[in-house]
Amino acid sequence: MCSLANKLKYLREKSGLTKKEVAEAVGVHPSSIGNLEKGSIPQADLLYSLAKFFNVSMEYLMNSSDLDPLPEIEQTQSQLSSSELTLLNLFSQLDELDQNEIIGIINLKLLRYRHDASPKKVLSSISEEITEAKMA
């Protein structure tokens with residue numbers, strides 16, 4: 001399975017960008033990009049910014065086993081279940097702030113399942129994400 005670190009480095013190098021250029025584009029210190037390429041796990045808002053910047057999904061960054069995002073990008077609606085289509089339809093009706101909140105919550109839940117984080121820690125993280133999103 002291809003890690004987030006490998007994918008970020010692949011996308012950055014494929015785009016011909018330095019860590020500093022990516023960092024400036026997503027609003028973090030260049031060392032943050034270096035840390036991510038060494039295996040650090042980003043906050044949900046940074047993951048969202050990186051996915052948006054590289055024009056890939058957060059699902060690709062966190063879960064996909066393919067290094068090249070092209071197969072994922074070519075996914076069609078016919079491959080989605082009815083519940084996935086309903087979710088996309090409802091999600092598209094939200095404004096950007098609400099979409100960011102939902103993305104943050106989903107990513108925190110996924111991180112909890114992957115890293116067996118305590119519920120208290122996850123709730124605290126969700127609360128922080130929501131507060132930050134409201135301030136943005």
Side-chain angles (χ1 to χ4, degrees):
M1 184 163 182
C2 198
S3 71
L4 170 65
N6 292 339
K7 290 176 196 167
L8 289 176
K9 186 173 183 178
Y10 170 80
L11 291 168
R12 180 180 61 76
E13 290 177 345
K14 184 177 176 185
S15 302
L17 299 169
T18 65
K19 292 174 190 171
K20 182 179 180 181
E21 290 168 327
V22 173
E24 288 173 358
V26 296
V28 296
H29 192 274
S31 65
S32 296
I33 302 302
N35 289 337
L36 291 174
E37 289 185 3
K38 291 178 185 171
S40 293
I41 297 177
Q43 294 288 327
D45 59 338
L46 177 54
L47 184 66
Y48 174 78
S49 296
L50 288 164
K52 190 172 181 178
F53 177 73
F54 286 116
N55 197 28
V56 296
S57 70
M58 292 192 305
E59 176 71 18
Y60 160 76
L61 290 175
M62 295 301 292
N63 296 325
S64 177
S65 59
D66 294 325
L67 186 59
D68 190 349
L70 188 59
E72 177 190 334
I73 292 170
E74 293 175 344
Q75 182 177 17
T76 63
Q77 284 188 346
S78 66
Q79 295 172 305
L80 299 175
S81 70
S82 62
S83 61
E84 290 169 326
L85 289 170
T86 299
L87 181 61
L88 286 173
N89 182 37
L90 293 171
F91 185 80
S92 69
Q93 294 175 39
L94 298 172
D95 65 25
E96 186 176 356
L97 177 63
D98 290 335
Q99 288 179 354
N100 288 335
E101 284 184 40
I102 298 299
I103 290 168
I105 291 168
I106 291 170
N107 279 310
L108 288 170
K109 286 201 166 280
L110 290 172
L111 287 173
R112 175 182 168 210
Y113 293 130
R114 287 192 194 104
H115 300 288
D116 295 324
S118 71
K120 185 176 181 179
K121 184 176 178 182
V122 171
L123 287 175
S124 174
S125 296
I126 290 171
S127 177
E128 289 173 13
E129 289 292 325
I130 291 172
T131 301
E132 289 175 13
K134 286 180 180 178
M135 290 182 186

Could you pull out the closest heavy-atom pair between [X] and [Y], with the gap in Å?
X     : Y     : value
Leu4  : Ser40 : CD2-O, 4.2 Å
Glu96 : Lys52 : OE2-NZ, 3.7 Å
Val22 : Arg12 : CG2-CG, 3.7 Å
Lys19 : Gly34 : CD-CA, 4.0 Å
Met58 : Ala44 : SD-O, 4.3 Å
Met62 : Leu47 : CG-CD2, 3.4 Å

Atom [atom1] of [X] and atom [atom2] of [Y]: how far apart are they, to the nearest 0.5 Å?
X     : Y      : atom1 : atom2 : value
Leu50 : Leu11  : CG    : CG    : 9.0 Å
Glu21 : Ile33  : CD    : CD1   : 11.5 Å
Leu97 : Ile102 : CG    : CD1   : 10.0 Å
Glu37 : Lys7   : CD    : NZ    : 14.0 Å

Taking side-chain contact (heavy atoms from CB on, under 4.5 Å) as the test, write out the residues that go with [X], two or more places apart.
X     : result
Ser49 : Val26
Gln99 : Phe91, Leu94
Ser15 : Leu17, Phe54
Leu87 : none

Asn100 vs Asp45, side chain to side chain contact (heavy atoms under 4.5 Å, CB included): CA-CA, chis, key distance, verdict: CA-CA 8 Å; Asn100 288 335; Asp45 59 338; over 6 Å; no
With Ser92 via side-chain hydrogen bond (donor to acceptor under 3.5 Å, both in side chains) - residues at least two apart: none
Can you list everything that forms a salt bridge (Lys or Arg N to Asp or Glu O under 4.0 Å) with Lys20? Sequence neighbours excluded, please. none
